[in-house]
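Chain letters run A, B, ... following the sequence lines, proteins first and then strands; every chain starts at 1.
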Amino acid sequence: MKAPVAWLREFADLPDTARVEEIAERVAGVGFEVAGIDGDVIDFEITANRPDCLSIRGLAREAATVFGVQGSVGPGVQGSGSPGVHQGVQGPEIQVTLESPLCGRYALVLADVTVGPSPSWLVDRLTAAGVRPINNVVDVTNYVMLECGQPLHAFDLARLAGPEIRVRLARTGEPLTTLDGQSRMLDQSMLVIADRDRAVGVAGVMGGATSEVSSATTRVALESAWFQPVTVRATAKRLGLKTEASSRFERGADVGAVPASLARALDLLEAIGGGRRVGNLIDVYPAPAAPRVVTLTRTKLDRLLGDHVPDADVTRIAVALGFATTPTGSDWQMEVPSWRVDVSCEADLIEEIGRHWGVNRVPATFPALRTAPGRSHAGVLRTRRIRRLICGAGLQEAVTFTFIERAAAEWFVVDPATLVSIANPLSEKFAILRPSLLPGLLDALIYNRRRDIDDVRLFEAGAVFEATGEHQRAAWVLCGSRQTHWSQPAVEVDLFDALGVAGVLADAYHVTWRTEPDLQSPWYVPGRAAALMADDGTGPRHVGSAGQLRPEIAAARGLTAGVVVAGEIDVHALHDNTADGRRITALPRHPAVIRDLSVLIATGLPAAAVRGTIRANAPATLVAIREFDRYQGRGIPDGQVSLSLRLTFRDRDRTLTDAEVQHAVERIVDALIKTHHVTLRNH
Amino acid sequence: MSVEDLQQQFVAAMNAASTSADLKALRDDFLGRKQGRVTALVKSIASAPPDERRALGAGANALKQLIENALTVREAEALAAAPPKDALDVTLPARQPWMGRRHPLTQVQERVEDIFMAMGYQVIEGPEIEDDWHNFEALNMPAEHPARDMQDTLYLSSPVPVPDGGRAATLLRTHTSGMQIRYMEHHEPPVRIIAPGRVYRRDSFDATHTPMFTQIEGLVVDEGISLGDLKGTLNTFAEAFFEARVATRFRPSFFPYTEPSAELDVECQGCSGRGCPLCKQTGWIEVLGCGMVHPAVFEAVGYDANRYTGFAFGVGIERLALRLYGVDDIRMFYENDLRFLQQVAL
């Protein structure tokens, strides 16, 4: 709201010494942020709750309260809750009918006019306030709107069908060409101003073009009304039409100012020689609003502010803002002025007192802690821990957008019907809620690769979405070399690097995940994907997967060379099993016996099967099995692979003898030969 | 032999020595435990006349030190001139393990969380997709409330179920306040919580706006909580966050869910309040919005608004991060350029 200070001074006796900057700063201090100052004009930002300050009068009232000066009545008539100055539903020349309760009050007056340019002072003021001058009649309505906050509208009476105004709902499909030249299709949810035959304006939003005031106009109908804020807002939104009028009506206009603003417009029109009233002012106000009285109690005031505002200041502030105030014991009865649509309860009054008393004066205290603080949610702590663990594994945390484009998302779901889409996306790039963290990470990886960063390791922890709900995941992508050092040839990352990240998490949380071929994640290269299976006694459960991303996905996103491996897990698989994690078992007191075993096995035989057979045929003293070499190629028959395993035997209570370990190993070897037809290479 | 003579002999011998082997022989000759010449000199002190012993002792020790120092320097020179065949080039890069860093936005978020956790707050989590009740209605923003314009909302094409079986989600949360409503629906006061998370607005994507950003909201509810308590808490936060005594200022503002409402400004760190481009010459930086919980919110969650009062605040992590890291384009936080991310200290 652009407010020329000279205009403000017409309604507030601000000290002559107060400079524009000082006025701006002090009014800003009571809640009206200053967007800019241009000469004499202060541009205030008006919050959505204060439509009364979308006017010079409203801002002047605040300024007068801040400076502790009289807010003068000024030219025109102060709006109030009282009914209009001239009552009656029928004037001499025109009839007004309200057919919908969405219009709470409607005032109309006729005037004979001589349309022409406005005097320069009026033109200057409108221009300073950011409103384009049009002609004296329209300029007067705009001037009054800026001054009083009440939007007015002027119809060319000759262009109306019959001397009749009806405020009614539009008919479905009813056409109207608005003042901006757009032809619009109305519907039954919209309130219109109509003549006998058709709509001539969208109530509270914009008038119609046919009844627009022109140089040929000789008699106008001047309208001042109050419309339900919700209907104005809904209509403006449906029409995609936001106007000075609609922004005031949808926040709540001053129902008390309806006739007074009209009277002000007539005075002004007469003063500039633009025209004069014909007949009575019609004011239809079927259900006048009852006065709103709110009690302000001393105890609540002190308690909510944490400060004691003296009685005299409470009264001074309230009265200056227009609240009719009556002390009752230590409390006050305050009648809310009709323009303060935002005040309805005691907290609202406390805000008024607090604003003008000064929030900065309230002493800073510290709230007492009455009970022991609660523990933060498990998910919060888990996410913090996961981030630290994966950082520790050498991956950099990324933060990618939650919404992605459909083409990027579809690679990472089995069924595109499970994707969650946004109804009103900003653009197609942000249309789908990510079904996985991987598409965002892949794009981030490619972003870096295109900037000549070869080795990229990124992870993210966050929410993913599918039609059945929201889930928390952690995911990672890696490309480039496993390690880059002058001492070693670069080795490109593979599936096992991706699995290693999962291993770090599983280890840290004391959970065990088995791997098996993943056949259900089409974004991975077949045969290079592992499903992570947890089993807490209730049967195997899929908790995530890792694998090599299909090259065509990266290619589609703009990366043509190199392997990209990835992994993603459901973070709920990481139970915070604190009790298990804390229990330390005593260290073994007897030495272990180690035996290495190299066997030739069929290429397709999983290591897990070999391990299973060993475990099934070993005594309890076999405490660990670990594969330490796998070799295929020269010296190994086709279709076979050499697998070397290290077996660790130990007894809790005694030192094992060579003979018994030997016996155990022989049993294991026999079983391997029998079950898998392995060939022993050493031993 | 006098100390002076011995010193002259050493200097002459050292000038003649060139290789490591020469220096080793020289060390043995002069400092050797059994036959070293200085060693012999020291041993002779005991047999010297009592009145000379003191001076002799001091001289011998000084000489020993001098020889030791000279040999150390020469030995190092000799080693540098002819290093061992298996010497490593210590100037080569180390084999350093990869080190990941938490994202700067995460670091700022955790920093804020930590400050409030130390003040006895619990950090809560909640869904990023919300229903209209938790995001708007319970926060005193009924349908068609003009304040909904302040938070241009992204809606889902079709409703998505939520885990607790409550109302299905229809929108992307525009703030984390919904978590606070949910918390109050299930807990009686006192309440002292922090609700961090991603929030979404239908906003353009440019240097100062993103359609997604990170917010931390706080809520305290108890008997007798006042605006003064809010001020004290936020002043404490500002000092802890900026690690300095910073001047703060509260400006009345408007949020539908608080009454009174205010915005907190802190003195610009760039110019100490004198005015600079960073603070648009005002000397102040807008940091967060806050206020006393609106009684309508208490009614929505079934709290006794006559008995309890509370305060709430919301701070944008990106905005704090821009200040903390001296970055002027918010998009850098979402590009995930490693050259950017790896500049951040751990």
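For chain A, the option among B/R101, B/M99, B/R251 with the highest count of heavy-atom pairs below 4.5 Å is B/R101. Of the listed residues (B/P252, B/P161, B/G232), the one with the most heavy-atom contacts under 4.5 Å to chain A is B/P252.
Neither the backbone nor the side chain of B/L230 comes within less than 4.5 Å of any heavy atom in chain A. Contact of B/R192 with chain A is made through the side chain alone, with heavy-atom distances under 4.5 Å. In this structure, no portion of A/D302 lies under 4.5 Å from any heavy atom of chain B. Looking at A/P363, the atoms closer than 4.5 Å to chain B (heavy atoms on both sides) all sit in the backbone: N, CA, C or O. Looking at A/E346, neither its backbone nor its side chain comes within 4.5 Å of chain B, counting heavy atoms on both sides. For B/T309, the part lying near chain A is the side chain, with the backbone staying farther off; criterion is any non-hydrogen pair under 4.5 Å. For B/E263, the part lying near chain A is the side chain, with the backbone staying farther off; criterion is any non-hydrogen pair under 4.5 Å. For chain A, no part of B/A168 is nearby; none of its heavy atoms comes within less than 4.5 Å. With a 4.5 angstrom heavy-atom cutoff, B/S204 touches chain A only via backbone atoms. Heavy atoms of A/L441 lying under 4.5 Å from chain B are absent altogether. Contact of A/L445 with chain B is not made at all, since no heavy-atom distance falls under 4.5 Å.
The pair A/D307-B/K231 fails the salt-bridge criterion, with no side-chain N (NZ, NE, NH1 or NH2) lying under 4.0 Å from an Asp/Glu carboxylate O. Here A/R434 does not pair with B/E128 in a salt bridge; the nearest charged N to carboxylate O distance is not below 4.0 Å.
Between the side chain of A/S376 and the main chain of B/Q122, no donor-acceptor pair closer than 3.5 Å is present.
Side chains of B/Q107 and A/R387 form no contact here, defined as non-hydrogen atoms less than 4.5 Å apart.
A donor atom on one side chain and an acceptor atom on the other are not found under 3.5 Å apart for A/R303 and B/S226. A side-chain N or O of B/N306 and one of A/K300 form a donor-acceptor pair less than 3.5 Å apart. A donor-acceptor contact closer than 3.5 angstrom is absent between the side chains of B/Y334 and A/T400.
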- Message: Under the criterion side chain to side chain contact (heavy atoms under 4.5 Å, CB included), I'd like the reasoning laid out for A/E470 against B/V160: C-alpha separation, chi angles, the key distance, then a yes or no.
- Response: CA-CA 8 Å; A/E470 177 179 342; B/V160 173; over 6 Å; no
- Query: When you look at A/E460 and B/R198, which way does the salt bridge (Lys or Arg N to Asp or Glu O under 4.0 Å) test go after all the steps?
  - Reply: CA-CA 14 Å; A/E460 184 168 11; B/R198 291 179 172 198; 2.7 Å; yes
- Tell me, with the steps shown, if B/D229 and A/F366 meet side chain to side chain contact (heavy atoms under 4.5 Å, CB included). CA-CA 5 Å; B/D229 292 334; A/F366 206 80; 5.5 Å; no
- Message: Let's go through A/R382 and B/E125 carefully: what are the C-alpha distance in whole Å and the side-chain angles of both, what is the deciding distance for salt bridge (Lys or Arg N to Asp or Glu O under 4.0 Å) to 0.1 Å, and is it a yes or a no?
- Response: CA-CA 11 Å; A/R382 179 176 51 216; B/E125 59 173 348; 5.0 Å; no
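Contacts of B/E223 classified as side chain to side chain donor-acceptor pair (under 3.5 Å), with partners at least two apart in sequence or in another chain: B/R307.
When ring centroids are compared, B/Y200 and A/F401 stay outside the 6.0 Å threshold.
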N/O donor to acceptor pairs below 3.5 angstrom from side-chain atoms of residues 290-298 of chain B, sequence neighbours left out:
from, atom 1, to, atom 2, distance (Å)
B/H294, ND1, B/A296, N, 3.0

